[in-house]
Protein chains: 2
Amino acid sequence: MAPVTMSDVARVAGVSVMTVSNVVNGRPRVSAETRLRVLEVVADLGYEVNLTAKRLRAGRTGTVALVVPRFDHPYFGELAGRFATLLGEKGLHLAVEQSGASREGELSAVSHARLHMYDGVILSVVGLHYDDVDRLRTDLPIVLLGEQVVPERFDHVMMANVEGARLATAHLLERGSRRVAMAGGTPSGPSTGASELRSEGWRAAHRDAGLEPPEDLLVPMPDLEAATAHRVVAEALARARERGALPDAVFAVTDQVSLGVRAALHDAGLRVPQDVRLIGFDDLGLVQHVPPGLSSVDPHNGWIVERATDLLLSRIAGSTEPPQHLVAPASIAARASTA
Amino acid sequence: MAPVTMSDVARVAGVSVMTVSNVVNGRPRVSAETRLRVLEVVADLGYEVNLTAKRLRAGRTGTVALVVPRFDHPYFGELAGRFATLLGEKGLHLAVEQSGASREGELSAVSHARLHMYDGVILSVVGLHYDDVDRLRTDLPIVLLGEQVVPERFDHVMMANVEGARLATAHLLERGSRRVAMAGGTPSGPSTGASELRSEGWRAAHRDAGLEPPEDLLVPMPDLEAATAHRVVAEALARARERGALPDAVFAVTDQVSLGVRAALHDAGLRVPQDVRLIGFDDLGLVQHVPPGLSSVDPHNGWIVERATDLLLSRIAGSTEPPQHLVAPASIAARASTA
DNA sequence: GGCGAAGGCTTTATCGATATACCTGGGTGC
DNA sequence: GCACCCAGGTATATCGATAAAGCCTTCGCC
């Protein structure tokens, strides 16, 4: 029951621990005969290396961590899946940790990860402020994802928030929509998060089309859950209907929100796209299966994951290049909801 | 840049490493004065314990692993979120790893986890066969989740597959449906996975109602992705329409499949629930927002997570109780899709 | 005043694996 | 015949933290 160690194998095989290590790691300088005997004992006893010990000595585990705000958001699930696949090809393992989208959670997750369980960390920044991030020590390779403005000294990969939102809104305006609401939008202010940046894109598209951004069609939300969007948008629609001022299109700040909006529209008896066009952001795999097929902004997650992985791996390899700040391209995945 | 170790702190503070350890861990036998000085140096240098070393010595990291087949399935995302919350309350961290739903992937994930990076493992079994599981060494606490039959000697928590499927099908039959298709169902055979077990439940409900299970209404699928379901069901509907034998209800083996079925029904111009009733399995948070609101079997994930956590924690604490095999209750979450 | 106890700290051994230096016996070169 | 090389191993130190035991002082108490 007690774990089998190298010295157990060594004792049984009648050789030194070092020889066992050499055999197990396929190093030269061991006679074929000895090698065979050791391997036999290894199989017999069911020996496996203790990664913890190996790590302590070697300084690496072959595992990197991805810290996401929440496990139960499909967006992060998709992201994690991509990272796992890509890292797997490079011979590394991925462990995912949840930060809870709160400042404390992320701080604790990073400090925990920092504690050398992993060779590197990909941190999806949501709750942390500039100063918090700035305070992170960096004896561990870190790549940041997310929409916050972060200190220069970190590698950072982000989505094209403004541009993606601009494309989405323009897509709706081009198709003839004139009252384009933004679900999860926020009034002008400091550009600190996805919601603010995407609202900027929504404004830009209006101005590009020679229109004044209709600020009354911004529908702010306390969070970006589907359930919240469902509720908030239902209320907003009821009010708009009273005033006889229904929107003819909705740009949802995320696909999760888009899902809630879709549900609220359905409840209100409004058809998509005949009465209201709808487009989201993230291009989650599932939205194409939500009737009638929801359009979305494709943030090119594949690109993001590749770049972030490259950056992390080169840092792990010891690169001291100046930190990079990359922005992914964005494009429209047009489906029936904006036809 | 190089990580700060205890001996760095010790040197600067002019004490022994052991004293630093005692201060950091709040052990007695250190004068208030020394304690203060050490803490100052700790803050100055930004020292943090090296968990790897601690682990090697103490035999525990305070982190447990959850191994799931895929990161990008909402079901596992929800599950992971629940585990993280619950374990967090108990002072433990959760790291999630992906096995890739393949035999090799799960074996490698378990062997990797076994290698003492974690204090315990919750393994969601999908690709492994009985023999593979049986071959696992068990010097690390393991709790199994999932629908496979597993060796007695492991703790195991599973869903009420047969019963849940029976309830769902009965729910449809009670509402007057008479041609209840099963999307993702499989012909009678050895009960090795969720699909087989749930098909058994579908049969049982028919027999309970005095009906012969309509085996021609089983729609098998190569995998349980929404996209696959969308495609396969679309084809099945086309064939059924030709024969003039459309179903009047569908029980989908999972909510992912249910989503694909919903899309296929929409494409075929069939209304839910007027033309076809629809119910899934898993009660994912998102299905209530998919128009018109999809019914589902609630597998009581909260219960599963609590039991699994309890079992794991008590194993970690050293319990040698006989292994437990638990089955969660199941109930129907009725929504508009089966009204 | 002497002796045990307790406080405050340091030393030593250890977790499991591995890099490095070191040892031994038989060729090889010249 | 002597120095040197090399294959095949072994012995030692080390990664960072910690349990356990050891070593001085100082203090209390009979």
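Each chain gets a letter, A, B and so on, in the order its sequence line appears, and its residues count up from 1.
Between the A:Gln98 side chain and the A:Phe71 main chain, a donor and an acceptor come within less than 3.5 Å of each other. The backbone N or O of B:Thr19 lies less than 3.5 Å from no partner atom in the side chain of B:Arg29, so there is not a single donor-acceptor pair. In this structure a side-chain-to-backbone donor-acceptor pair under 3.5 Å is present from A:Arg37 to A:Ala13. Although no hydrogens or angles enter the test, the distance criterion places a donor-acceptor pair under 3.5 Å between the side chain of B:His325 and the main chain of B:Phe154. Judged purely by atom type and a 3.5 angstrom limit, A:Asp119 uses its side chain to pair as donor or acceptor with the backbone of A:Gly62.
OP1 or OP2 of C:dG8 has not a single side-chain nitrogen or oxygen of B:Thr34 nearer than 4.0 Å. In this structure, B:Arg29 does not reach the C:dG8 phosphate: none of its side-chain N or O atoms is under 4.0 Å from OP1 or OP2. For the OP1/OP2 pair of D:dT18 and a distance below 4.0 Å, the side-chain nitrogens and oxygens of B:Lys54 include at least one atom meeting the criterion. Checking the phosphate oxygens (OP1, OP2) of C:dT18, a side-chain nitrogen or oxygen of A:Asn25 falls inside 4.0 Å. Between A:Arg57 and C:dC15 there is no side-chain polar atom (N or O) within less than 4.0 angstrom of OP1 or OP2. For C:dC9, the OP1/OP2 oxygens have no side-chain nitrogen or oxygen of B:Asn22 closer than 4.0 Å.
Using a 4.0 Å heavy-atom distance criterion, A:Val15 is classed as a sugar-phosphate-only contact. A:Thr5 comes within 4.0 angstrom of sugar-phosphate atoms only, judged by non-hydrogen atoms across all strands, and of no base. Using a 4.0 Å heavy-atom cutoff across all strands shown, A:Ser31 reaches sugar-phosphate atoms only and no base atom. B:Arg35 comes within 4.0 angstrom of nothing in the nucleic acid, heavy atoms only.
When rounded to the nearest whole Å, the span between CD of B:Glu33 and C1' of C:dC9 equals 13 Å. Distance A:Leu56 CG to C:dT14 P: 17 Å, rounded to the nearest Å. Rounding to whole angstrom units, CZ of residue B:Arg11 and P of C:dT10 are separated by 15 Å. For the pair A:Leu51 CG and C:dC15 C1', the computed distance is 15 Å after rounding to whole Å. Between the P atom of C:dA17 and the CE atom of A:Met18 lies a distance of 11 Å, rounded to the nearest Å. If you take CE of B:Met6 and P of D:dC15, they are 15 Å apart, rounded to a whole angstrom. Atoms CG (A:Asn50) and P (C:dT14) sit 18 Å apart, rounded to a whole Å.
Counted by atom type alone, A:Thr320 and A:Arg315 present zero donor-acceptor pairs between their side chains at under 3.5 Å.
Taking every side-chain heavy atom of A:Ser16 into account, D:dT10 is the closest of D:dT18, C:dT10, D:dT10.
Helix-axis bend for the helix from C:dG1-D:dC30 to C:dC30-D:dG1: the local axis fitted to the five terminal pairs at one end deviates from that at the other end by 50°, rounded to 10°.
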Applying side-chain hydrogen bond (donor to acceptor under 3.5 Å, both in side chains) to B:Glu97 and A:His93, what does each step give before you reach the verdict? CA-CA 8 Å; B:Glu97 301 214 8; A:His93 257 266; 3.2 Å; yes
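Residue order along DNA chain D, read from the 5' end via each residue's closest nucleotide, puts B:Ala53 first among B:Arg27 and B:Ala53.
At a threshold of 4.5 Å between non-hydrogen side-chain atoms, the residues B:Leu326 and B:Trp303 count as touching.
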